[in-house]
K.L.:
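Input: one structure, supplied below.
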Amino acid sequence: MRTVDGPYLRIVEQPKQRGFRFRYGCEGPSHGGLPGASSEKNRKSYPQVKVCNYQGAARVVVQLVTNTAEPHLHAHSLVGKQCDKGICIVELLPKDSSISFPNLGILHVTKKNVSKVLEERMIEAYRMGYNYGIFINPEIDVLQGEVRMPRELTGRSVNLISSASIHQSKEMDLSVVRLMFTAFLPDSDGGFSRRLEPVISDPIFDSKAPNASNLKIVRMDRTAGCVTGGEEVYLLCDKVQKGQKFAIVFKTPKYRDQNLQKPISVFVQLKRKSDNETSEPKPFTYHPQIIDKEEVQRKRQKTLPNFQDYSGAGGGAGGMFRGGGGGSFIIRSLKFPPCIKGHFFQGYQTYNNFGSGYNFSSGVGGGGTTIKHGGCPRCQSSCCHYSSFDCTITYTAISKLYLLICSVLDRTFRGLHLGVIHSQTDAVRNLAQVISGLPGEDIINMRNDLYQTPLHLAVLTQQKEAVEALLEADVDITLTDRHGNTALHLAAQQKEDNMLRLLLKYKPVVQLTSIPNTAGLCPLHLAVQANGLSCVRALLDGGADVDVQEITCGHTALHLATELGNLSLAGCLLLEGNAYVDSVTYNGSTPLHVAAGRDSTKLCALLMAAGADPHKENFEPLFFKEDELCGTCEEEEEEEDEGYIPGTTPLNMATSPEVYDILNGEEYQLTTTVVPPQGDMKSLSSDTKQELCQALEGQTGGWESLAHALGLGILTSAFRLSTCPARKLLDSYEVSGGTVRELVEGLKHVGNSSAVSLLQAMCKEPEAVHTTPQLTGNID
DNA sequence: CGGGAATCATT
DNA sequence: TAATGATTCCC
C-alpha cells in the first residue's frame with residue numbers, strides 16, 4: 001500500500017475511548033481535554049500523531065468523523081486552543097516529528113442543529129480541501145485536488161451538500177466520533193498543499209450518553225447457591241466511567257436440573273436490553289440441593305423404583321427449569337450515596353451497612369441479569385452406567401453409610417463429645433473408602449445446608465483421622481462452603497497448625513493456597529488475620545505463595561500484617577517467607593506506605609531493614625491540581641501540559657519525626673540505644689548470664705519460647721543463625737531495655753524453673769549495694 | 001470535571 | 001396520561 005520511504009502520518013497515541021464527556025455549547029469551555037489512551041491520573045497524556053519519514057514543517061488538520069465504515073464528517077465540533085469552525089489546525093515545527101493534542105474538546109451539537117451544522121462543516125471542508133477521504137456526495141467527492149486557494153462553490157455544489165447533510169444527519173450517531181488527522185506538507189511556494197493520506201483514530205464514546213457505560217460486575221456478595229434458586233445475590237456494578245457504582249439485587253433462578261449431584265459452574269452477567277451489551281461473565285456455582293435428614297430417612301425406606309428419583313434420572317419432584325437463563329428477574333438497583341463513591345468496598349461490613357441503610361425500592365434498573373449456563377452440564381443419565389440390580393444393593397448401602405458419616409461428623413460439629421467420635425474414626429475411614437468406591441454417587445463430597453462437606457467438618461472439628469480418611473478417599477478438596485472457603489481456608493484460621501499441615505501434606509492441596517474465598521482472602525491472609533503465626537509458617541512451609549494478593553485491594557500478607565501492626569508476623573513473612581518487601585496493592589501502596597501511614601516506628605524499621613523503598617510512589621496523587629491555593633503561581637498557559645503529579649511516598653506519609661528519620665535511613669538501633677535503656681539487665685554479672693544461657697540451652701525450645709514471651713519472637717530466625725542463640729537473645733533483650741523482673745516472668749511463663757531460681761538468687765545482691773547513696777556534694 | 005435537575009421525546 | 005428514557009442545561 002504505502003511506499004516504505006515516503007512520508008506518512010501515524011497515530012502515536014490513540015485518544016481514550018471511554019470516560020470522556022462531550023459538552024454542549026451551553027456548558028461553556030474549559031472542561032479538560034480529550035485524554036490519550038494511556039493517560040492516567042498522575043501521568044496525563046494526549047492523542048498524538050507523528051509524521052514519519054519526514055523532517056520539516058507540516059500542518060495537521062484534525063476533524064471529527066463518524067464511526068461508520070465509510071467515514072462521514074461529524075456534526076460535533078472540535079473545540080479548544082487551535083480549533084476553529086469545528087476543526088483543529090496545528091503547525092508542526094521543523095524540529096519536531098510528532099505532535100500531541102492536549103486540549104481537544106468535543107462540542108456536542110444539539111439534535112435540532114445537526115443538519116445545519118453539518119452543512120456548514122461540509123461546505124468549509126470542501127472550500128479548504130479538507131474533504132479528502134470522507135464521504136459527502138459522489139459528485140463532490142471526486143473534486144479533491146490539492147488546494148492552494150479556497151475553492152468557490154457552485155450553486156449545484158451547495159445544493160448537493162445541503163441535501164447530503166440532511167440525509168447524513170438522520171443517521172448520525174451523536175454518541176460516538178473518531179478523529180481524522182490529515183497532514184499537509186509545504187510545497188515549493190511554502191503553502192501547505194501536499195496532502196498525506198489521512199488517518200482515523202479509534203472511536204471515542206461520549207461518557208454521558210446513556211448507553212456509553214461498560215457493564216461490569218465489580219463484586220458479588222456470593223458466588224454460589226443452591227439449585228433450587230431463590231437466593232438473593234448482591235452485585236456491585238461499575239459503570240467504568242469513574243467511580244459510579246450501582247448495586248443490583250436479584251434472586252437466583254432455579255437451575256434447570258434440580259437433581260444435580262455435583263456442583264456445577266455457571267456464569268452471571270449483566271445484559272442491557274436496549275443494545276444487548278453484556279458484561280464480562282462472572283462464575284457462579286450451583287450446589288446440589290441438600291437433602292435433609294427426614295428426606296434421606298424416608299428415601300432409605302423405599303426400594304428400587306425410587307432410587308432413580310434420588311439419582312436424577314427420574315422425573316421426580318422439581319420439574320426441569322426451562323434452561324437458557326430464561327427469566328428476567330426483578331432487578332432493584334440504586335446509586336451509591338456520594339459519600340462512598342470512588343472507594344472500593346472492603347469486606348462484608350460495608351455491604352451490610354448500605355444494605356440496611358438504604359431501601360432498594362427504586363425501580364431504576366435499565367439492565368437485566370442473565371444466568372448463562374456455562375461449561376458442560378452433567379448429562380441427565382448419570383445412573384445409566386450401572387444396572388438396576390446393583391442399584392438396589394448399593395442404594396441401601398450408600399444410604400446407611402452416608403447417614404453414618406454425616407451423623408458422625410455432624411454431631412461432632414454440634415459439640416458432641418470427642419471421645420465418642422474417636423471410637424468411630426476407623427469406621428469413618430473404612431466407610432469413606434467404601435463409599436468412594438461406589439459408582440455413581442458422590443456422597444463423600446455432599447454438602448450440608450451451610451455448604452460444608454465432610455472435609456470441612458472434619459477440619460473444623462479437628463479430627464485428624466477423619467481428615468486423613470477423607471483425603472485418602474480422594475474427596476474433592478476444591479469444594480467451598482458458602483463463604484467460598486475450602487477446607488484449607490478453614491484450617492488456616494485455626495489457632496493450631498496441625499490441620500493445616502495435615503492438609504498440606506497432600507500435594508494437590510497446595511494449589512488451593514492461592515484461591516481466594518468470597519471475601520477475596522487466600523489461606524495465608526486468613527492466617528495473618530487470625531494472628532496465627534504457626535499457621536503462617538505451615539503455609540509457607542507447605543509452599544504457599546507468600547506474595548499472593550487478596551482480591552479486594554491487592555494486599556499481600558505483609559500488607560495485612562503491617563496493617564494489623566503485627567510485628568512478629570511481618571518479621572516472619574519477611575525473614576522466613578522471604579516476602580517481597582515492596583509488593584504493591586492496586587493503588588500502588590507498599591507495606592511501608594501502610595506502616596508509615598499508621599505511624600509505626602517498629603514496622604517501619606523492620607521494613608526498612610528488609611530493604612523497603614521509602615521513595616516508592618503509589619498512585620494516590622500527592623496533591624491535587626492547585627486550585628486557588630497559590631495566588632503567586634503565574635498561570636502562564638499551563639494548559640499546555642498538565643504536568644506530572646507525583647504519587648505519595650512512604651516519606652510523604654510519615655507524621656512523626658521518628659518514623660521520618662527511620663525512613664531517611666537512620667538506624668533504628670541508634671535511636672533506641674541513644675536513649676539509655678530503662679532496663680536493669682546490666683546488673684546481671686556476665687557469669688550469671690552465662691549460667692542463664694546454659695539453663696536455656698538445656699531446655700528444648702527454651703530460648704525460642706522465651707523470645708516469644710519477651711516480645712522478641714520476630715528475631716528468632718536471626719538468633720537461630722548464631723552459635724549461641726540464647727546469648728543473642730539475652731543481649732538483644734538487654735539492648736531493648738528489658739528488666740530482670742520481666743525476664744523472670746518470661747522464664748516462669750516458659751516453665752524454666754532452674755533459670756528462674758538462678759535469677760531470683762542473684763537479684764538480692766545488687767539491690768543491697770544500691771542502698772548507699774554516694775554524695776559528692778559540691779555546692780557553691 | 002461530574003452530578004443531577006429540567007426539559008423534551010417516546011411509548 | 002403516566003412512565004420511562006434521552007437530551008440539554010446548570011452548578
Side-chain angles (χ1 to χ4, degrees), chain A residues 15-36 39-47 74-81 102-118 169-177 204-216 237-248 270-277 328 330-343 358 360-368 620-621 623-629 635 638-643 645:
Chain A
K16 208 183 252 309
Q17 293 194 254
R18 296 185 186 272
F20 184 73
R21 182 154 138 188
F22 303 175
R23 295 289 177 167
Y24 288 88
C26 64
E27 294 186 85
S30 77
H31 289 284
L34 174 65
S39 187
E40 284 183 30
K41 202 168 180 117
N42 293 345
R43 176 77 73 176
K44 305 221 173 182
S45 66
Y46 301 94
H74 203 288
H76 289 343
S77 303
L78 273 173
V79 290
K81 242 190 210 157
N103 195 14
L104 291 178
I106 296 173
L107 184 83
H108 195 302
V109 64
T110 63
K111 235 172 174 183
K112 63 173 197 280
N113 286 338
V114 175
S115 67
K116 190 177 83 188
V117 174
L118 188 59
S169 65
K170 293 208 171 86
E171 333 239 284
M172 190 162 289
D173 183 345
L174 298 181
S175 70
V176 54
V177 297
I204 303 156
F205 300 92
D206 181 10
S207 74
K208 188 68 172 185
N211 63 352
S213 59
N214 277 358
L215 296 172
K216 185 176 176 190
C237 308
D238 200 359
K239 297 196 58 182
V240 145
Q241 20 171 315
K242 289 162 200 170
Q244 213 179 3
K245 292 186 175 62
F246 283 77
I248 293 179
L270 296 170
K271 180 169 177 177
R272 186 162 47 217
K273 274 191 268 177
S274 58
D275 59 356
N276 278 347
E277 169 88 7
S328 52
I330 309 290
I331 305 293
R332 290 171 298 177
S333 73
L334 82 164
K335 268 184 196 177
F336 281 88
C339 59
I340 46 179
K341 124 198 111 162
H343 291 282
Y358 297 83
F360 295 85
S361 56
S362 60
V364 183
E620 303 283 346
F623 52 82
F624 293 99
K625 238 189 115 192
E626 48 259 58
D627 299 302
E628 62 268 45
L629 287 179
E635 32 147 91
E638 46 101 88
E639 305 285 45
E640 188 60 37
D641 188 357
E642 300 286 36
I645 297 183

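This is a predicted model, so every value here is computed, not measured. Note on naming: letters A, B, ... go to the chains in the order of the sequence lines (proteins, then strands), and numbering restarts at 1 for each one.
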K.L.:
Residues two or more places apart in sequence or in another chain: which of them pass side chain to side chain donor-acceptor pair (under 3.5 Å) with A:S45?
P.N.:
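Here the qualifying residues are A:E13, A:S38.
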K.L.:
Identify the pairs formed between an N or O of the protein and an N or O of nucleotides 7-11 of chain B at a distance under 3.5 Å, and give each distance.
P.N.:
none

K.L.:
For nucleotides 7-11 of chain C, give me every protein contact, N/O to N/O, under 3.5 Å, one pair per line with atom names.
P.N.:
residue	atom	partner	partner atom	Å
C:dT8	OP1	A:K111	N	2.5
C:dT8	OP2	A:Y24	OH	2.6
C:dC10	N4	A:E27	OE1	2.7

K.L.:
Find the distance between CZ (A:R23) and CG (A:D206) and round it off to the nearest 0.5 Å.
P.N.:
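Rounded to the nearest 0.5 Å, the CZ-CG separation comes out at 9.0 Å.
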K.L.:
How long is the gap from CD on A:E40 to NZ on A:K16, to the nearest 0.5 Å?
P.N.:
7.0 Å
K.L.:
Please state how far atom CG in A:D206 lies from atom C1' in B:dG2, giving the value in whole angstrom units.
P.N.:
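Checked: the CG to C1' distance equals 13 Å.
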K.L.:
Minimum heavy-atom separation for A:N103 to A:K81, with atom names?
P.N.:
ND2-N, 3.4 Å
K.L.:
Take the angle between the ring planes of A:F22 and A:H76 and call it parallel below 30°, perpendicular above 60°, tilted in between.
P.N.:
perpendicular
K.L.:
Should A:E27 and A:K208 count as an ion pair when the cut-off is N to O under 4.0 Å?
P.N.:
no
K.L.:
Quick one: pull up CG in A:L78 and CG in A:L107 and give me the separation to the nearest 0.5 Å.
P.N.:
9.5 Å
K.L.:
Please answer whether the main-chain N or O of A:D173 pairs with a side-chain N or O of A:H74 as donor and acceptor at a distance below 3.5 Å.
P.N.:
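Yes; at least one donor-acceptor contact below 3.5 Å.
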